Amino acid sequence: MEISDHESNMQVLKDVSSNFISTFCGDMFSFALGLMLLRATGMSLSFGLSMIIMPIVTLIGLVPIGNVVDTYPHERILIISLVVRIVALSVYAATVGRFTGVGKLIPTIGFLIINYASVNLSNSGYLASVHELVNDAHIQKLNSLSQSLASFASTFSPIVAAGLYALVGFNLFIIFQLMAHLIALGILLTMNLHYVHPNQVSKAP
């Protein structure tokens with residue numbers, strides 16, 4: 001099915017908005033999480049915990065995530081991975097307060113493993129679904145806007161996070177992140193991915 005220019009423009013607007021909200025709030029949350037762990041444990045290593053776990057999860061999940069993306073509809077993958085992140089963050093918010101000091105690393109490590117596995121699945125599904133979101137004429141536009149806003153988020157989110165953390169503490173960042181996930185999920189549910197299974201493509205004349 002051919003994707004019209006009008007639909008492509010709408011898809012670009014929705015996708016860029018969703019990605020920017022998710023990326024900006026996600027980067028803020030990661031920075032605030034590091035500050036919280038540093039304050040709770042007094043260990044400098046805890047501040048970079050996410051940077052240790054992320055590449056390990058990425059490496060382990062490389063093959064199984066690729067198989068999942070090649071097998072199942074990408075829209076379903078994106079929705080499920082986002083729901084998993086919402087559930088994982090909700091559980092983390094409900095349990096992290098029960099731990100003190102170094103003990104906070106226990107729920108945090110579990111949450112980060114689930115979160116990054118879900119993020120990797122979502123990113124792989126998104127990259128595979130670009131042609132299902134917009135027509136060929138809008139792919140470069142979508143990629144350029146996404147990369148520009150991602151760079152903006154990575155540059156300014158730590159500044160905003162540091163200021164807010166000093167004022168309101170860590171709990172508000174959990175609320176921000178949950179809201180960002182819910183908004184992103186709401187936008188995703190309004191998008192139309194024109195999925196074609198790889199087997200159907202290979203059988204096409």
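Heads up: numbering here begins at 1 and tracks the sequence. Quantities reported herein were computed from a predicted structural model and do not represent experimental measurements.
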Roughly how far, to the nearest 0.5 Å, is CG of Leu145 from OG of Ser17?
10.0 Å
Report yes or no: do Val102 and Leu45 belong to one cluster of Ile/Leu/Val/Met/Phe/Trp/Tyr joined by side chain heavy-atom distances under 4.5 Å?
no
Between Asn135 and His138, do the side chains contain a donor N or O and an acceptor N or O under 3.5 Å apart?
yes
Could you tell me whether the side chain of Ser144 and the main chain of Gln140 form a donor-acceptor pair under 3.5 Å?
yes
Side chain Lys104, main chain Phe99, donor-acceptor under 3.5 Å:
yes
Where do Glu75 and Leu188 come nearest, in terms of heavy atoms and distance?
OE2-O, 4.3 Å
Tell me whether the rings of Phe29 and Phe111 are parallel (<30°), tilted (30 to 60°) or perpendicular (>60°).
perpendicular
Parallel, tilted or perpendicular, as decided by the 30° and 60° cut-offs, for the rings of Tyr92 and Phe170:
perpendicular
Side chain to side chain, Ile114 and Val91, heavy atoms closer than 4.5 Å:
no
Please walk me through it: do Asp15 and Ser146 pass side chain to side chain contact (heavy atoms under 4.5 Å, CB included)?
CA-CA 8 Å; Asp15 185 74; Ser146 297; 4.1 Å; yes
Contact between Lys141 and Val134 at the side-chain level, heavy atoms closer than 4.5 Å - yes or no?
no
Set out, in order, the CA-CA distance, both residues' side-chain angles and the distance that settles side chain to side chain contact (heavy atoms under 4.5 Å, CB included) for Asn115 and Leu89, then state yes or no.
CA-CA 8 Å; Asn115 183 69; Leu89 183 59; over 6 Å; no
Less than 4.5 Å apart, side chain to side chain, heavy atoms only: is that true for Leu78 and Tyr126?
yes
Interatomic distance, Cys25 atom SG to Ile183 atom CD1 [nearest 0.5 angstrom]:
7.5 Å
Between Ile80 and Val57, is there a shared hydrophobic cluster once you connect ILVMFWY residues whose side-chain heavy atoms come closer than 4.5 Å?
no
Would you sort out whether Leu149 and Val16 count as a side chain to side chain contact (heavy atoms under 4.5 Å, CB included), showing the intermediate values?
CA-CA 8 Å; Leu149 291 177; Val16 168; 2.9 Å; yes
So do Arg85 and Leu82 actually touch side chain to side chain, heavy atoms under 4.5 Å?
yes
Straight-line distance of Asp27 CG to Thr155 OG1, nearest 0.5 Å:
9.5 Å
Side chain to side chain contact (heavy atoms under 4.5 Å, CB included) between Met36 and Tyr165, intermediate numbers included
CA-CA 9 Å; Met36 183 274 289; Tyr165 185 86; 3.8 Å; yes
Short side-chain donor-acceptor distance under 3.5 Å, Ser46 and Thr41:
yes
If only atom types and distance count, is the side chain of Ser18 paired as donor or acceptor with the main-chain N or O of Lys14 below 3.5 Å?
no
Mark yes or no for whether Ser154, through its side chain, and Ser151, through its backbone, hold a donor-acceptor pair below 3.5 Å.
yes
Can a donor-acceptor pair be found, under 3.5 Å and without considering hydrogens, that links the side chain of Ser129 to the backbone of Glu132?
no
Same apolar cluster: Leu133 and Leu185, side chain cutoff 4.5 Å
yes
Can you tell me how far CD1 of Ile79 sits from OG of Ser122, rounded to the nearest 0.5 angstrom?
11.0 Å
Would Phe31 and Val119 show up in the same hydrophobic cluster when neighbours are defined by side-chain heavy atoms closer than 4.5 Å?
no
With distance as the sole test, does Ser124 use its side chain to make a donor-acceptor pair with the main-chain N or O of Leu121 at under 3.5 Å?
no
Separation between CE (Met10) and CG (Asp5), nearest 0.5 Å, reads 13.5 Å
Would you say Tyr116 and Ser50 make side-chain contact, with heavy atoms under 4.5 Å?
yes
Go through Phe24 and Phe176 one step at a time and tell me if the ring-ring contact (aromatic ring centres under 6.0 Å, His included) criterion holds.
CA-CA 10 Å; Phe24 196 88; Phe176 283 160; over 10 Å; no
Hydrogens and angles aside, do Asn120 and Thr58 bring a side-chain donor and acceptor to less than 3.5 Å of each other?
yes
What's the shortest heavy-atom distance between Gln11 and Asn192, and which atoms?
NE2-O, 2.6 Å
May I ask you to check whether over 12 heavy atoms, not counting those of His131, lie within 6.0 Å of atom NE2?
no
As an exercise, state the distance from OG of Ser118 to NE2 of His181, rounded to the nearest 0.5 Å.
8.0 Å
Side-chain heavy atoms nearer than 4.5 Å, only ILVMFWY residues, links allowed to pass through others: does that put Leu35 and Leu105 together?
yes
Measure across Thr23 and Ala153 and return the closest heavy-atom pair with its distance rounded to 0.1 Å.
CG2-CB, 3.7 Å
